[in-house]
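Notes follow the structure.
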Amino acid sequence: MKLSAVITINNRSPEVCTQVADSLLLPGNMPDELVVVLDRPTTEVRDGARAAYERLDCPIRWITIPGEPGWRSPVKAWNLGFLAATGDVLYCFSSETVQKEGNLEKVKRDLGGEV
């Protein structure tokens, strides 16, 4: 079973991105693939997200929605993320959610996948 984690980022600070990425480095939290949709980010948000998440040891699919910075609606970002994900299971969470150790492993185990 392949688990794709999907997040959308519009205005998360580099510090928040780092905290969330750090939580994916905890035991049992590395996805098989991470899809990050940058939703009209500022340069600071884009660069901070890249610096935080590129430290992960998994394939990362980066999608950027172009346009003037500013949040409009999550619909386009989530749909682009779902479209880009290649996993059998999608683990979608807010880009400000710090994961507890083992969260992703628990999802795989609960769905009958190999851990």
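Counting begins at 1 with the first residue of the sequence.
- Scanning both residues, L38 and A49, for their nearest heavy atoms gives CD2-CB, 3.9 Å.
- Between the side chain of T64 and the backbone N or O of P66, no donor-acceptor pair lies under 3.5 Å.
- Shortest non-hydrogen contact noted between A84 and I63 is CB-CD1, 3.3 Å.
- Contact check for V20 versus Q99: no side-chain heavy atoms found under the 4.5 Å cut-off.
- Residues L111 and M1 have side chains in contact (heavy-atom distance under 4.5 Å, counting atoms from C-beta outward).
- Atom CG of L104 is separated from atom CG of L24 by 6.5 Å, given to the nearest 0.5 angstrom.
- Linking Ile, Leu, Val, Met, Phe, Trp and Tyr whenever their side-chain heavy atoms come within less than 4.5 Å puts I9 and L34 in one cluster.
- Annotation: D57, atom CG; neighbour count of heavy atoms from other residues, nucleotides and ligands within 6.0 Å does not exceed 12.
- Within a 6.0 Å radius of NZ in K106, other residues, nucleotides and ligands contribute 12 heavy atoms or fewer.
- Side-chain contact between V36 and I60 is present, with at least one heavy-atom pair separated by less than 4.5 Å.
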### Task
Dump the intermediate steps for side chain to side chain contact (heavy atoms under 4.5 Å, CB included) on W62 and V37, then the final yes or no.
CA-CA 6 Å; W62 292 96; V37 183; over 6 Å; no
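- For Y91, the ring pair (Phe, Tyr, Trp, His ring centres under 6.0 Å) partners two or more places apart in sequence, or in a different chain, are F93.
- Screening residues 80-100 for salt bridge (charged side-chain N to carboxylate O under 4.0 Å, His left out), with sequence neighbours left out, gives R12-E96.
- Annotation: side chain of I7 is in contact with side chain of Y53 (closest heavy-atom distance under 4.5 Å).
- Rounding to the nearest 0.5 Å places CG of L90 at 9.0 Å from CD of E33.
- Applying the salt bridge (Lys or Arg N to Asp or Glu O under 4.0 Å) test to K76 and every residue at least two apart in sequence or in another chain returns nothing.
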Pairs of donor and acceptor atoms involving the side chains of residues 40-47, under 3.5 Å and at least two apart or interchain, shall be tabulated with distances.
from : atom 1 : to  : atom 2 : distance (Å)
T42  : OG1    : V45 : N      : 3.1

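- One hydrophobic cluster, built from ILVMFWY side chains closer than 4.5 Å, cannot hold both L26 and V107; they sit in different ones.
- Among residues two or more places apart in sequence or in another chain, the salt bridge (Lys or Arg N to Asp or Glu O under 4.0 Å) test is passed with E54 by R50.
- Residue L80 holds its CG atom at 10.5 Å from OG1 of T8, rounded to the nearest 0.5 Å.
- With rounding to the nearest 0.5 Å, the separation of CG in D32 from CG in L3 is 6.0 Å.
- The side-chain heavy atoms of N29 and E105, taken from C-beta on, include no pair separated by under 4.5 Å.
- Applying the side-chain contact (heavy atoms from CB on, under 4.5 Å) rule to A52 yields the partners C17, T18, A21; only residues at least two apart in sequence or on another chain are considered.
- A 4.5 Å side-chain heavy-atom check between L25 and L56 finds at least one atom pair inside the cut-off.
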